[in-house]
Asks: 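Below is a structure I'd like to ask you about.
To find a chain, count down the sequence lines: A is the first, B the second, and so on, and within it residues start at 1.
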Amino acid sequence: MKEEIRESIGLALERISSSENIETPKLDHFEVSIPKEEFGDLSTNIAMILASRMKTNPRALAEKLVNELAGEPYISSVKVAGPGFINITVTPSRWIDYLGDILSQKENYGKTKTGKNEKVMVEFVSANPTGPLHIGHGRGAAVGDALARILSWAGYDVYREYYINDVGLQMENLGRSTIARARELLGRPFEEPAYKGKYIKNIASDFIKRYGEEILDSPQEKAVPTASKFTGTAILDTIRKDLDDFRVSFDEWFSEKSLHDADEINKVINSFLGSKDIYEQDGAMWLKTESAGDEKDRVVRRANGITTYLAADIAYHKNKLDRGFSKLIDIWGADHHGYIPRMKASVSALGHDPKKLSPILVQMVSLKRGGKTISMSTRGGVFVTLREIIDEVGVDATRYFFLMRSSDSHLDFDVDLAKKRSDENPVFYIQYAHARCANIFVTAKEREIETKKFNEIDKSLLEGKYELRLIKKLAQFPDVVASCAESLQPHPITQYLTDVASSYHSFYHNNRVVTDDIKLSQARLALIESTMIVLKNGLSLLGVSAPDRM
RNA sequence: GCGCCCGUAGCUCAGCUGGAUAGAGCAUCGGACUUCUAAUCCGGGGGUCGCAGGUUCGAAUCCUGCCGGGCGUACCA
């Protein structure tokens with residue numbers, strides 16, 4: 001609808017400027033928004049934006065536009081209001097026609113082509129395989145996954161990736177930890193392990209079963225890498241399982257080790273040599289990142305020839321760019337915010353526009369339970385796993401709660417609320433709306449009411465207040481998805497779905513769908529089916545199920 | 001110290017590429033079930049948008065300074 005209004009405004013402007021012999025001003029970003037109900041269906045501030053450039057005042061320009069727009073057949077009322085807003089009301093029949101779009105597009109309703117098939121990489125989670133995923137990772141997983149789904153609906157060619165830090169000192173420590181626990185299990189003397197979680201004990205036990213006690217007697221150079229690999233693989237398997245159960249999937253699990261094995265990291269550093277972006281000092285190679293807003297320049301290769309983590313990340317991002325992705329979205333924990341300038345600088349050094357990289361920071365999660373808030377800071381030592389929270393509150397509620405706030409806002413995860421099967425819980429409120437719709441079809445079938453095609457129903461029967469309010473909400477869906485894709489934020493979808501559910505429940509309360517009036521029943525069934533489609537599609541973008549029964 | 005995020009209703013948060021009387025959910029108060037699921041609906045109360053300046057026709061939104069909270073400040077990954 002917004003697009004239609006924009007086009008009409010564009011045409012109206014051309015007519016005005018040609019009749020007044022002035023140049024048509026460029027239409028940059030003026031707003032077409034949905035105002036309060038009493039103002040109309042849609043509203044635009046274009047007159048206020050353009051007035052000064054057209055050397056007139058906002059209200060005068062608005063009046064002219066109103067005269068032009070009044071001729072549009074789909075507009076029933078258009079008025080100037082306040083300082084120069086133009087408020088537009090669209091005819092009921094035009095709104096009702098949207099149901100035709102919804103019913104014909106079904107599971108595709110809401111998709112747009114705004115992304116123009118641009119290749120986008122969403123890299124997310126990418127947690128080190130040194131322990132199970134915690135709820136912070138879970139939030140990142142939910143956000144990255146939802147964003148990937150949204151972008152794909154908005155017409156982007158989306159690729160999802162998990163970057164595995166499977167190399168370096170931490171992997172070595174991980175292997176040593178397993179060996180230490182294995183020795184402990186066998187009653188041998190052992191060193192205090194670096195990784196203390198009980199999952200290491202389980203892995204250590206499997207490790208002995210797999211390689212036998214003798215492995216502990218082999219030289220460190222052999223035992224440690226064997227244990228590292230074994231442990232890393234085992235942990236990665238549980239991470240995969242957790243994410244799978246959380247309905248999060250990846251197109252690729254990208255191994256950092258593969259970059260080392262192909263010597264890609266040295267290659268990329270060497271390619272920088274001689275450029276203005278890199279210099280040598282104290283025997284080390286430094287990348288100029290301070291000019292990009294970093295606190296200081298950063299070492300990419302130490303004097304001893306060993307490359308740093310940043311160097312590997314540069315090679316990884318080069319790899320992404322080489323694969324043809326023009327938009328790189330990285331979902332990071334907020335504690336990595338200091339990393340943004342240096343990665344932007346790295347992308348520049350690679351000869352690309354740093355705007356191609358869009359890091360999304362996901363803020364920390366606190367758990368609220370029994371009125372008490374438990375902070376999840378790494379220091380606090382409190383460490384709730386994603387698995388625990390899924391098992392306790394379920395995937396639907398967990399995902400929804402992770403997605404209902406802006407990702408750069410700290411999240412208070414209210415466990416008690418998430419577990420409630422009642423109207424207090426927003427996710428159930430939405431799912432219940434869907435289940436109610438589904439149940440109406442069960443009733444309709446029992447009464448043997450035949451559902452009609454959209455062009456066979458009597459559309460004039462849907463012009464009531466509650467019907468139109470709901471239809472207008474449903475018609476917004478593609479705009480909402482496109483706008484989420486543009487701003488790279490999933491959370492407005494949750495608010496939107498709450499609005500749809502609310503309009504629906506309100507309609508439901510005031511109208512009976514299945515009645516003896518067959519024609520009316522059939523018209524309303526078309527509305528109910530449309531509602532189900534939007535609720536289901538919207539929930540699917542969040543990775544939340546749309547149950548038929550509750 | 002410096003950098004990033006946050007500070008909006010009792011609580012949790014939207015709104016922040018400037019626009020009309022600042023919104024939602026929960027909580028609270030008052031109403032509505034012989035009906036396709038009341039897991040619902042309808043209504044009320046509740047705000048110096050952290051503080052102080054500035055920019056302008058107009059500021060929760062932009063700028064500056066301060067206050068409060070979180071996070072980060074490695075030749076670790």
Asks: Give a yes-or-no answer on whether the side chains of Gln170(A) and Tyr309(A) include a donor-acceptor pair shorter than 3.5 Å.
Replies: no
Asks: So does Ser406(A) get a side-chain nitrogen or oxygen closer than 4.0 Å to the phosphate oxygens (OP1/OP2) of rA14(B)?
Replies: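 Yes, because at least one side-chain N or O of Ser406(A) sits under 4.0 Å from OP1 or OP2 of rA14(B).
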Asks: According to a strict under-4.0 Å criterion, is Arg405(A) in side-chain N/O contact with OP1 or OP2 of rG25(B)?
Replies: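 The answer is no; no side-chain N or O of Arg405(A) sits under 4.0 Å from OP1 or OP2.
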Asks: Side-chain N or O of His337(A) versus OP1/OP2 of rU73(B): is the shortest distance under 4.0 Å?
Replies: no
Asks: Side chain of Lys368(A) only, please: which of rG23(B), rU12(B), rA14(B) is the nearest?
Replies: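 Looking only at heavy atoms from C-beta outward on Lys368(A), the closest nucleotide is rU12(B).
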Asks: Just to confirm, is there a sub-4.0 Å distance from OP1 or OP2 of rA38(B) to any side-chain nitrogen or oxygen of Tyr508(A)?
Replies: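 Yes, within the criterion.
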Asks: On the nucleotide rC75(B), are OP1 or OP2 found under 4.0 Å from the side-chain N or O atoms that Lys296(A) carries?
Replies: yes
Asks: The criterion is side-chain contact (heavy atoms from CB on, under 4.5 Å); which residues satisfy it with Lys445(A), sequence neighbours excluded?
Replies: none
Asks: The side chain of Lys36(A) is closest to which nucleotide in this list: rA77(B), rG15(B), rU21(B)?
Replies: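 Side chain of Lys36(A) sits closest to rU21(B).
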Asks: If only side-chain N and O atoms of Tyr339(A) are considered, is one of them under 4.0 Å from the OP1 or OP2 phosphate oxygen of rG3(B)?
Replies: no
Asks: Within this structure, what is the CG-to-C1' distance between Asp41(A) and rA20(B), rounded to whole angstrom?
Replies: 17 Å
Asks: Determine, for Glu467(A) against Arg524(A), whether the closest basic-nitrogen to carboxylate-oxygen distance falls under 4.0 angstrom.
Replies: yes
Asks: If you restrict it to nitrogen or oxygen atoms, what contacts under 3.5 Å exist between nucleotides 42-44 of chain B and the protein, and what is each distance?
Replies:
from	atom 1	to	atom 2	distance (Å)
rC42(B)	OP1	Ser506(A)	OG	3.0

Asks: Collect all protein-nucleotide pairs involving nucleotides 6-9 of chain B in which both atoms are nitrogen or oxygen and the distance is under 3.5 Å.
Replies:
none

Asks: Using Watson-Crick or G-U wobble geometry with both distances under 3.5 Å, which nucleotide pairs with rG30(B)?
Replies: rC42(B)
